[in-house]
Amino acid sequence: MRASLTRPLVLYPVSIVLGLGVWEALARVIPKALFAPPSAVLGRLAAMTADGSLPAALLGSVQHMLVGYLLAVLLAIPVGIIVGRSTAIATAVEPILNAVYAIPPVAFAPFFVIWFGLYFEARVALVFAMCFFEILINVLQGVRNIDRGLLDAARSLDLTGFALYRKVVIPAASPFIFTGLRVGIGRAVNAMITAELFFSAVYLGQMLKTSSNAFDIASTFAVILVVSLFGLACQEAMRLAERFVIPWHHESTA
Amino acid sequence: MSRGKAWALRLAGIAVFVLAWEIAGRIFGDALFAPFSAVIAGFPATVRDYHLFAELAGSLRQLLLGYLLGCIVGIVLGIMMGRSALLDGLLQPWVSMMFVTSIASLVPLFIITFGFGLMFRVAIVFMAAVWYVLLVTYHGARSVSPDLLQTARAFESSRVQTFFKVMLPALYPYILVGMRIGLAHAIRAMVIAEMYVIVGFGGVVYNAGVEISTVSLLGALLTIMLVGVALNEALKWFAQRTAPWYSERQQLSN
Amino acid sequence: MSTQKMTRRAAMRLIAGAPLAAGVGGFPAAAHAADTVKCINLGFVLGIHCPPTFGILDECPKLGLQVEMQRFQRMRDALQTVSGGTGDIGISEPIMLLHSRQAGNDIVIFGNHYLHTTLVVVVNADFVQNWKDLEKPDVTVGINSQGDITQVMTIGGFLKNGGDLAKVKWADVGGSGTRVRALLSKRVQATQVHFDQVPEIQKSGNYKVLLVPHKEYDPWVNEVVFARADWLKDPANRRKAVMFMKGIIIGSRKANADFAYYRNSFVKYATLKEKDTMPEAEMRAHWSALSREIGVWPADNGFRVSNLEKLLPYYRAAKAIDDKPIDLKAATDLTIVAQALKELG
């Protein structure tokens, strides 16, 4: 396969155009009250960007997303490493982890209202709750997955304590850590909107609600599209970061 | 670690959690966050009034269907995308965008397409689980060391042999993590979808949430937690049976 | 205006392939298509809903109409399901229906499910003593979501007692359970709850009722029956609609006349946990309040265009509907109830 044809730069647009075609076809069959064609949606998108409402809303929504995500990352990585390295703690914590992880945020939201209120703190808390576990589980697996042989070799070289972590554990777990970061940021983008729909509606969530209430499907889709594209961009950013930070990690193709 | 010690640790972890719940519950009171003791005391009534277990059984059936489907598709597509630059380029943007879309926003469209019966719930669970399985498997497929593959080629093993003897074992930890995360999301999606149409177990959660006392709601959530743990244990047992060599390779054995 | 009509089966054929369309889905195949109808209804069932629900599910079959009922948590989904063709008759709140008409959704309201509501506005008396206090900076009013009946109901009371709506802070909280918890945890200082939740709330602190809708509004319209305009054009469907309303009216009349009928419907359909253990005296008190004091099950269904007209100013003040004019005559069909009443006598 010629490299030039398979580069993301070429394929992504092709894929998107194909997808748009399918979308347009669907819009002709599904009733207007529920669906909108790409033309209408892109039109609304352009209008909302031009008058500044969309960029402003995105900027607002991003705030609690970033704070929640960073908190989750800052907590999940060290906790994951510590728990992953200690058999005892991992065994003790695992049942609770699996248990709490199974509960949908929808069911938790009423309690968040009580504990965190209805505004920024609650949104950050929900974003945190919605991406923390994914990151943690990946970090955990990454640490537990480290080859025993590698650790034995490190020990025989008298590597202990901080040096052990810096030179062996973290690099070895990096692929999984980055998987966790990528999955996590996808979740955080999702949570960004969910938080605004659950608590006092602001920014993008408010735009969604308002257009949804007015049965303005085109605008609703436009907002969802922006969020999807934003989520795509964030995940691509994570992939790029991984290529930078751990270039030695071969991601090969057949 | 001896089995006895493992269980002792697990119980210790659970005990800490229950204690925290009890304390928090006493501070907040029944209406805001019932303490563990109250939830347990009220559980028989909750089960009776909401037909908890009957609804749970019905929901789990659909959950498993959608989840297994999601795993199969996710693993297959993940591997294919991981090894083929063309497929990756074509599908990646859509996968990344679908990934950040909340299940909640898909429910209305799915209802139109699939009705409110089995198909709808299976479809929702599928949509929730597949992306996680796919993404994590994809990352795993991309990180198979080229050295490993070259070695296999040097030994003149066929592509098929290489796949089963080299790739799949290397992918194994990733698939496990993907399935684990996918399972949690499958459970959550099941509850969310059911809360929408007020059927099954999700319907129980919804109706319990209307009550002022949180005893029933927390009882229902506790049940989800137990289901999450049980299913995870089942997953681990299944993993153990299909690849017992894996846990030997890990530092921690269960 | 969209002339595309998409039945659920057509959609599935398109998207999921013909084999799947056969015999799969939520509603069981009916033997006689002529006398079945798919009804899309809302979430939980309180005392006020029971007699009409009993009328729909138990009285209608006696008239020859089988109703398959599917409940939804969100009113929006109920509306979309009917608009999309998966359901025939829907029950929802009028504000959202009128708003969707303004957006081009051609649905028609043809009857009341019941009249008035059991929701009341409750306030934390430590913060709010009267309507004016809602303007205070440390007071937030909890509602289900912007522009819905919970907000409009509160706005109406506020405006009647004079006040600057711009100074009131609103917070979208969600369902009544969450609203109660938000009130008790002092996240909001006023919200709407069901009147039977009030005693429980008052046990937890200094709370009082600020608005009782049936006293402020004349009347308050909470849940109405609707269908797609083109569905209703078919004479066979009109027949079904008439039978549907007859069921509701029969249920209403019988519940007014006989407490045992109410109790029977309550035990059968209520989604309240206490329904099996509620003492008869308490149930009777509720019934008496609903039937006699408030009059939620009018013998003639109480469906009048003027009722909606009187509420329009509040809908507009709450920005729950667009500023555009709205033709209530086109949005409603009075003939169905008229026919039902004629046949019932």
Side-chain angles (χ1 to χ4, degrees), chain A residues 19 22-37 40 44 104-123 125-126 193-221, chain C residues 1-7 10-11 13-15 73-77 79-86 95-97 99-107 140 142-143 145-148 169-188 228 319-322 324:
Chain A
V22 172
W23 181 355
E24 179 75 43
L26 277 175
R28 285 177 202 281
V29 211
I30 302 182
K32 221 176 88 156
L34 311 151
F35 210 68
R44 285 300 302 146
V106 201
F108 259 131
F111 299 114
F112 272 48
V113 170
I114 300 167
W115 300 331
F116 299 105
L118 294 158
Y119 308 108
F120 187 68
E121 297 85 1
R123 296 199 291 273
L126 192 66
I193 299 298
T194 310
E196 292 173 351
L197 295 175
F198 267 125
F199 308 118
S200 243
V202 289
Y203 309 127
L204 287 174
Q206 185 172 52
M207 287 180 84
L208 260 178
K209 267 199 178 176
T210 316
S211 49
S212 182
N213 283 345
F215 296 90
D216 180 0
I217 308 293
S219 295
T220 311
F221 274 28
Chain C
M1 208 83 351
S2 168
T3 51
Q4 297 156 356
K5 208 169 48 141
M6 176 87 132
T7 63
R13 220 174 285 131
L14 191 75
I15 294 164
Q73 198 196 115
R74 295 196 320 181
M75 310 218 191
R76 166 156 319 276
D77 298 327
L79 171 59
Q80 281 187 324
T81 310
V82 173
S83 304
T86 312
I95 307 178
M96 192 185 60
L97 295 177
H99 197 185
S100 89
R101 266 198 70 88
Q102 285 181 316
N105 199 4
D106 197 8
I107 46 110
T140 308
I143 52 175
S145 99
Q146 283 284 332
D148 76 343
K169 286 198 300 298
W170 307 93
D172 293 9
V173 180
S176 71
T178 315
R179 290 201 302 275
V180 168
R181 292 192 197 102
L183 184 71
L184 294 176
S185 58
K186 316 251 194 296
R187 296 291 180 184
V188 299
R228 287 190 318 281
K319 302 239 189 328
I321 56 176
D322 296 336
K324 305 190 284 206

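All chains are named by letter (A, B, ...) in the order of the sequence lines, taking the proteins before the strands, and each is independently numbered beginning at 1. Only a predicted model underlies this, so the values are computations on that prediction, with no experimental measurement involved.
- Within the 4.5 angstrom heavy-atom criterion, only side-chain atoms of L79(C), from C-beta onward, approach chain A.
- With values rounded to the nearest 0.5 angstrom, Q80(C) atom CD is found 6.0 Å from I217(A) atom CD1.
- Listed for the R181(C) side chain is no donor-acceptor partner under 3.5 Å among the backbone atoms of P110(A).
- L118(A) approaches D172(C) most closely through the heavy-atom pair CD2-O, 4.2 Å.
- For K169(C), the NZ atom sits in a packed shell: over 12 heavy atoms of surrounding residues, nucleotides or ligands are nearer than 6.0 Å.
- When heavy atoms are compared at a cutoff of 4.5 Å, F111(A) does not approach chain C at all.
- Note: F112(A) CZ to T178(C) OG1 = 13.0 Å, rounded to the nearest 0.5 Å.
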